[in-house]
There are 2 protein chains.
Amino acid sequence: MSDKTLKVALLGAGSVGSQVVRLLSEQADDLAARVGARVELAGVAVRNLDSKRDVEIPEHLLTTDADALVAREDVDVVIELIGGIEPARTLILSALKNGASVVTANKALVAADGPALFAAAAEAGRDLYYEAAVAGAIPILRPLRESLAGDRVTRVLGIVNGTTNFILDQMDTHGADFADALAEAQELGYAEADPTADVEGHDAAAKAAILASLAFHTRVNAEDVHCEGITKVTAFDASAAAAMGSVVKLLAIAELSDEQVSVRVHPAMIPLKHPLASVRGAYNAVFVESEAAGQLMFYGPGAGGAPTASAVLGDLVTVLRNRLSGTTGVGESAYADRAVRPMSETVTRYHVAIDVEDRAGVLAAVAQAFADNGVSIKIVRQEGRGDDAQLVVVSHQATDGQLSATVERLRGMDNVRDVTSVMRVEGEAE
Amino acid sequence: MSDKTLKVALLGAGSVGSQVVRLLSEQADDLAARVGARVELAGVAVRNLDSKRDVEIPEHLLTTDADALVAREDVDVVIELIGGIEPARTLILSALKNGASVVTANKALVAADGPALFAAAAEAGRDLYYEAAVAGAIPILRPLRESLAGDRVTRVLGIVNGTTNFILDQMDTHGADFADALAEAQELGYAEADPTADVEGHDAAAKAAILASLAFHTRVNAEDVHCEGITKVTAFDASAAAAMGSVVKLLAIAELSDEQVSVRVHPAMIPLKHPLASVRGAYNAVFVESEAAGQLMFYGPGAGGAPTASAVLGDLVTVLRNRLSGTTGVGESAYADRAVRPMSETVTRYHVAIDVEDRAGVLAAVAQAFADNGVSIKIVRQEGRGDDAQLVVVSHQATDGQLSATVERLRGMDNVRDVTSVMRVEGEAE
């Protein structure tokens, strides 16, 4: 055990920060044994000194001057839990410059500006760890960066947003429509008053960018991610999925093919027998396919104060150990420098439901629309409904451009009354 | 990129070793980029130079003299894939003494003699990594050791033996009895000709000891593990589980309660809604409960050449990076030094099925047997069968000693014809 006491500064004392303070205190002896030195909270920067908090924080530790806190020379590690781009970015850069290592849960910042932060950490000879930025308590960044470092990851499929997973779950199990399921999620505290970042997929897109960067050793930022949220998912989509033995999930998908990376977030049907299909409610899971390991899945709570704090503390222990031994962990690995494939060239599969006039030749015309776009059909199911018929078509793999052009063509056809559901299909063999 | 070329010696070129050789060659450029230096295979020790192997190994690299290979001064890391206690133990100690770090997949050795090996590594200032020893490709040791280092793990429940999981799966889905399911597993290559280590639970017990040691920062060896295999599980047990909405799995269980550790391997019923229940065939999964993170699960292939090689290579990259930076990773953490609780004092729950004479007073007598041993009953179900009746009793929690004494008492009762199924119940709330 070292005689030195290591000092930690905390930026933000919301639900995660409060739990970090609690664990630092309750687990103090265990942390000391695991780190090899006592760990002390040096200060906590908050917006308002008088806010009510989940845990009591000694008054003399609280400050509203985050800039001064990260500039303190005695601070070994800064934990950033403010979120958002600024002032988090400036504070992290300042902390690194002043010789502190940094642990953050800030997915938006890492996804937007990771390389600049990693470069600052490398220049300072300090660590920048961010396990809590993706999938809350689930250890996924460390396994990707270290456990799978000798393997070749080919695909990552993640349910990385608990809010949308809860909403889709309600739509699946109770036949609710999106608006009602969202209202319920808001009532239960699973969705925020302004749910945009969750339901439009932006939160998942930031995590997808981070996962893709680590999995494929290349720089992917949030803007590289094709992003569709769940606001257009209907109760009909959910029942159409059920009819296929599938369920609709919002997936973060990162794939490597032909040495290019494609990264996207969108709702998709996955078969019920896929391990991700049974990830319910606010849980998260990340499914990883790699050349040697095969199929792995990591499952757990994707958010919440205590789970996220667990991930923060895990990083903290590693970073403090590194401080003691005068070393740093693995920094950014972007050597592969792969191109990001545009969504239109990414290979996917579509499930399309169409209301058509029930007369001879309609199926032939629909099939021709697929054929003309070079899309081969795997399944067609036709159900008569009086004058109308419903056609369900599941395609074989094609580029997203070919598939979306096919849907455009269908929408314009005379004997097609309505394209009632368009959903990508993931997680099954071709 | 360092100018130095790092050298790796391999002991054993069976199914895992062959895949390690393949990956070292096929991923050479990626490994170099991730490690920060070229990695070269210095030699491969085998029992027989002329054996047929899954991959071609250059003849000049093969040797039957493992002692000389680990004594070579130019070797940076020795990968031990021989298995068993000797000569693996002597070779690992020799490698460390000669200044090499070690990566091993040897669960039996680590579970039997871990502390001596870790001490040798610490004395030599070298790493000893063994992710591949538990649950094949699934990253579980690193998450326990590092990701959860700031949390307090309270329970680990694992399906860590693919052979027995395959057999129990056959019994569950096809109503097969143990002997037939074992024969099928042997025919398909999922069970060895001598299946003792798997079906008696010894393999799972070694893994349970390793998991418990890491989870609870205390020394647990294979002999501390209460171990029951699946040879006595019957088709009736499987159907009794199904009737309870459960399934029988061979579980490795490590628990912390009242600051004591209990570690055990036995078949148990778990509810179908538990995430472990859907782990099928030869897959493994480890379910972890911790104070802050909550419930996590890690899932993937638990054995096989390529998956196990993925775990070995992941360790290799970490150990080589440490060599380059002149540091070592986290060594043994046994500071907590907790007592191991005897099985008789471990708290469990039992599901008991009994054939009784169908006459008044039988249920009262059975209930009295539970009460006399201080065991409270949660569910009783009685089904008439002509002169007989079947009673199914599910207990509340009690010590295993109280529960097994109750079963002994039942076996000796006049109006009990037979105790047809005794199975512990795990994975559900009291």
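Chain naming here is simple, since letters A, B, ... match the order of the sequence lines and numbering starts at 1 in each. Worth saying up front: this structure is predicted, and the values here are computed from it rather than measured.
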Practice prompt. For each of A/S147, A/G329, A/G304, tally heavy-atom pairs with chain B at distances under 4.5 Å, and name the one with the top tally.
Written response: A/S147
Worksheet item: Relative to chain B, which segment of A/R321 carries a heavy atom at a distance below 4.5 Å: side chain, backbone, both, or neither?
Response: side chain
Worksheet item: To the nearest 0.5 Å, how far apart are OH in A/Y283 and CE in B/M297?
Response: 11.0 Å
Practice prompt. Among the options A/A336, A/A33, A/A292, A/A137, pick out the one with the most heavy-atom pairs lying under 4.5 Å from chain B.
Written response: A/A292
Worksheet item: What residue in B/V39, B/V330, B/T327, B/I138 has the most heavy-atom pairs under 4.5 Å with chain A?
Response: B/V330
Worksheet item: With chain A, which of B/R145, B/R280, B/E131, B/R142 has the greatest number of heavy-atom pairs at distances under 4.5 Å?
Response: B/R142
Practice prompt. Considering non-hydrogen atoms only, spot the tightest contact between B/A149 and A/R34 and give its length.
Written response: O-NH1, 2.9 Å
Worksheet entry | For the student: nearest non-hydrogen atoms of A/S310 and B/D151, plus distance | OG-OD2, 2.7 Å
Worksheet item: By a 4.5 Å heavy-atom criterion (distance strictly below it), what part of A/V279 contacts chain B: side chain, backbone, both, or neither?
Response: neither
Discussion item. If I measure from the heavy atoms of chain A, does B/Q19 come under 4.5 Å with its side chain, its backbone, both, or neither?
Written reply: neither
Worksheet item: Just wondering, are more than 12 heavy atoms of other shown residues or ligands nearer than 6.0 Å to CZ in A/F118?
Response: yes
Worksheet entry | Portion of B/L148 that has a non-hydrogen atom of chain A nearer than 4.5 angstrom | both
Practice prompt. Of all the heavy-atom pairs spanning A/Q27 and B/G150, show the shortest one and how long it is.
Written response: NE2-O, 3.9 Å
Discussion item. Any salt bridge linking A/R22 with B/E291? Criterion: basic side-chain nitrogen under 4.0 Å from a carboxylate oxygen.
Written reply: yes
Worksheet item: Quick one: CZ on B/R152 to CG on A/L31, what's the gap to the nearest 0.5 Å?
Response: 12.0 Å
Discussion item. If we define contacts as heavy-atom pairs under 4.5 Å, which of B/L23, B/V288, B/D30 has the most with chain A?
Written reply: B/D30
Item to complete: For B/F166, look at atom CZ and say whether over 12 heavy atoms of other residues, nucleotides or ligands are found less than 6.0 Å away.
Response: yes
Practice prompt. Name the option with the most non-hydrogen atom pairs under 4.5 Å to chain A; the candidates are B/A306, B/P143, B/S325, B/A293.
Written response: B/A293
Worksheet entry | Part of B/F298 lying under 4.5 Å from any heavy atom of chain A | both
Practice prompt. For A/G300 and B/L296, work out which heavy atoms get closest and say how close.
Written response: CA-CD2, 3.9 Å
Item to complete: Might you point out which heavy atoms bring A/Q295 and B/P301 nearest each other, and give the distance in Å?
Response: O-CD, 3.2 Å
